[in-house]
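Counting begins at 1 with the first residue of the sequence.
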Amino acid sequence: LAIPAAAWLGEVRWRQAAGAVAALALLVNVVLHERRTPEFHVTATLTPTLQAVVDWTRAQPDDGRILLEDSDDESGHQYDFTHLPALLPLWSGRAFIGGPYPYMYDRHHFAEFTGGRLSGVRVERFNRNDLDAYCRVYNVTRVLVFSPEARATFGRFPDLFMPLGSVGGKFFAYAVRRPGSFLLAGAAVSVRAELNRIRVERPAGTEVLLSFHWIKTLAVRTPGVHLEGRAVGPDPIPFIRLTRTGPTWPLEIEIVNAY
């Protein structure tokens, strides 16, 4: 994989961080509004545009990730001066690349997508092969953007990205024209991720490489399976690689965050 970007993939940390932010917001039942002044404003309701984004994300299939273009000062706070992407994983139950906040100084945020820049690279620099490889490695099945540069880039490849139309009047959605899969190598009947847990049902092949970040606190609860990290492309975080230590694979593999 030789592309000028990688992705936010650590679902375990991503959902944990998003859940903590969401819990705090729900506790006070507000969405914080940032203005271009030193003061902060509070509102207890979503604008029609933001409600449309929430509704759209909830309606998408859960077989892959939504590539979400985030926004802050650099692009005029397109989420109506809120950081809505921080709440979307909890409210929609979907996985995202993009968010929870544009300025996350963490290596797992290598693929932040903010204001027309994907992993710090102007999105228009990506060609068709770049975007195809990106979506395959990070299992992107839906795209939601607002910047003219992003719309122009994804719109250049209708054989890869099917336009789905406008969302909330200022965003535009695409579907990736391929089935979603969290498997990068090997085979399995299903791969299911939840908070601090990944289940792989009926694995097969010499190895199983998953479209999830490896972190040192991950552990396999299933005997006969070895877990390690494997580098994929330019991403500074390795991906989860599973190999069997016995003659056959178990029927199901359970990976947990054992921190």
Side-chain angles (χ1 to χ4, degrees), residues 1 3-11 13-15 17-18 21 34 49-50 53-54 56-57 60 64-89 92 94-157 160-161 163-164 166-168 170-176 180 211-213 232-237 239:
L1 175 65
I3 61 175
W8 171 282
L9 219 33
E11 239 74 32
R13 286 186 174 178
W14 165 225
R15 289 176 182 270
V21 173
E34 288 188 18
T49 296
L50 299 189
V53 171
V54 173
W56 180 84
T57 58
Q60 302 315 304
R65 298 183 177 91
I66 299 172
L67 179 61
L68 183 79
E69 187 175 16
D70 206 344
S71 177
D72 204 85
D73 284 330
E74 82 300 315
S75 50
H77 290 274
Q78 294 301 310
Y79 292 91
D80 293 346
F81 290 88
T82 75
H83 290 297
L84 180 69
L87 297 172
L88 287 177
S92 68
R94 299 297 180 264
F96 294 81
I97 296 175
Y101 181 67
Y103 308 115
M104 294 287 293
Y105 301 109
D106 184 289
R107 292 197 307 154
H108 288 267
H109 203 224
F110 183 66
E112 58 89 19
F113 184 25
T114 302
R117 301 186 75 91
L118 186 57
S119 292
V121 178
R122 297 302 311 177
V123 68
E124 59 267 29
R125 292 181 54 190
F126 287 70
N127 60 36
R128 187 195 183 284
N129 290 339
D130 294 337
L131 292 173
D132 184 41
Y134 182 93
C135 290
R136 289 181 182 277
V137 169
Y138 304 114
N139 193 22
V140 173
T141 56
R142 293 291 187 271
V143 180
L144 188 67
V145 301
F146 60 82
S147 69
E149 297 84 0
R151 286 195 60 176
T153 298
F154 290 102
R156 283 205 312 267
F157 311 110
L160 182 59
F161 301 102
L164 297 179
S166 175
V167 176
K170 72 168 69 171
F171 299 92
F172 201 83
Y174 299 87
V176 180
S211 180
F212 295 95
H213 273 165
V232 176
D235 197 320
I237 307 299
F239 289 63

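Scored by the ring-ring contact (aromatic ring centres under 6.0 Å, His included) test, Tyr79 finds Phe171 as partners (sequence neighbours excluded). Every residue meeting the side chain to side chain donor-acceptor pair (under 3.5 Å) condition with Ser71, not counting sequence neighbours, appears here in chain and number order: Ser75.
Side-chain contact between Phe96 and Thr57 is present, with heavy atoms from C-beta onward closer than 4.5 Å. In this structure the side chain of Ile66 reaches within 4.5 angstrom of the side chain of Gln60, judged on heavy atoms. Residues Phe154 and Pro163 have side chains not in contact (no heavy-atom distance under 4.5 Å, counting atoms from C-beta outward). For the pair Asn139 and Thr141, the minimum side-chain heavy-atom distance is below 4.5 Å. Side-chain atoms of Val145 and Val123, non-hydrogen and from C-beta on, never get closer than 4.5 Å to each other. By the 4.5 Å heavy-atom criterion applied to side chains, Thr153 and Arg156 are counted as neighbours.
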Test side-chain contact (heavy atoms from CB on, under 4.5 Å) applied to Leu131 and Phe161, step by step
CA-CA 10 Å; Leu131 292 173; Phe161 301 102; 3.9 Å; yes
- request: Test side-chain contact (heavy atoms from CB on, under 4.5 Å) on Val54 and Leu84 and set out the steps.
  value: CA-CA 9 Å; Val54 173; Leu84 180 69; 4.1 Å; yes
For this session: I would like to know whether Leu160 and Tyr174 meet side-chain contact (heavy atoms from CB on, under 4.5 Å); could you show each step before the answer?
Result: CA-CA 9 Å; Leu160 182 59; Tyr174 299 87; over 6 Å; no
Q. Between Val53 and Val167, is a side-chain contact (heavy atoms from CB on, under 4.5 Å) present by the stated rule, with each step listed?
A. CA-CA 6 Å; Val53 171; Val167 176; 4.3 Å; yes
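Residues Ala86 and Pro100 approach most closely at CB-O, 3.4 Å, considering heavy atoms. Nearest heavy-atom pair across Asn127 and Asn129 is OD1-N, 3.0 Å. Here the shortest heavy-atom pairing between Pro85 and Pro89 reads O-CD, 3.3 Å. When all heavy atoms of Asp130 and Arg125 are compared, the closest pair comes out as OD2-O, 3.9 Å. Scanning both residues, Phe113 and Ala150, for their nearest heavy atoms gives CZ-CB, 4.1 Å. Ile97 and Tyr134 make their closest contact through CG2-OH, 3.3 Å (heavy atoms, listed as atom of the first residue, atom of the second, distance).
Interatomic distance, CZ of Phe157 versus CZ of Arg128, reported as 8.0 Å (0.5 Å rounding). A distance of 6.5 Å separates CG in Leu67 from SG in Cys135, rounded to the nearest 0.5 Å. Atom-to-atom distance recorded for Ser147:OG and Glu124:CD is 8.0 Å, nearest 0.5 angstrom. Separating the CZ atom in Arg142 from the CH2 atom in Trp56 is a distance of 7.0 Å, to the nearest 0.5 Å. Atom CZ of Phe126 and atom CG of Asp132 lie 13.0 Å apart (nearest 0.5 Å).
In this structure, the ring of Phe239 has its center less than 6.0 angstrom from the ring center of Tyr138.
Both tests pass for Arg151 against the ring of Phe172: distance under 6.0 Å to the centre and angle within 45° of the axis.
At distances below 3.5 Å, at least one donor-acceptor pair connects side-chain atoms of Thr49 with backbone N or O atoms of Gly168. With Glu69 contributing its side chain and Phe146 its backbone, the two residues share a donor-acceptor pair below 3.5 Å. Panel note: side chain Arg94, backbone Leu88; no donor-acceptor pair is recorded below 3.5 Å. The main-chain N or O of Gln78 is found under 3.5 Å from a side-chain atom of Lys170 such that the two form a donor-acceptor pair.
We find that Arg117 and Asp70 are not joined by a salt bridge, their nearest charged nitrogen and carboxylate oxygen being 4.0 Å or further apart.
Using a 3.5 Å distance cut-off with no hydrogens or angles, the side chains of Thr114 and Glu74 do not pair a donor with an acceptor. A donor-acceptor contact closer than 3.5 angstrom links the side chains of Asp235 and His213. One side chain, Ser211 or Arg65, offers a donor N or O that lies under 3.5 Å from an acceptor on the other.
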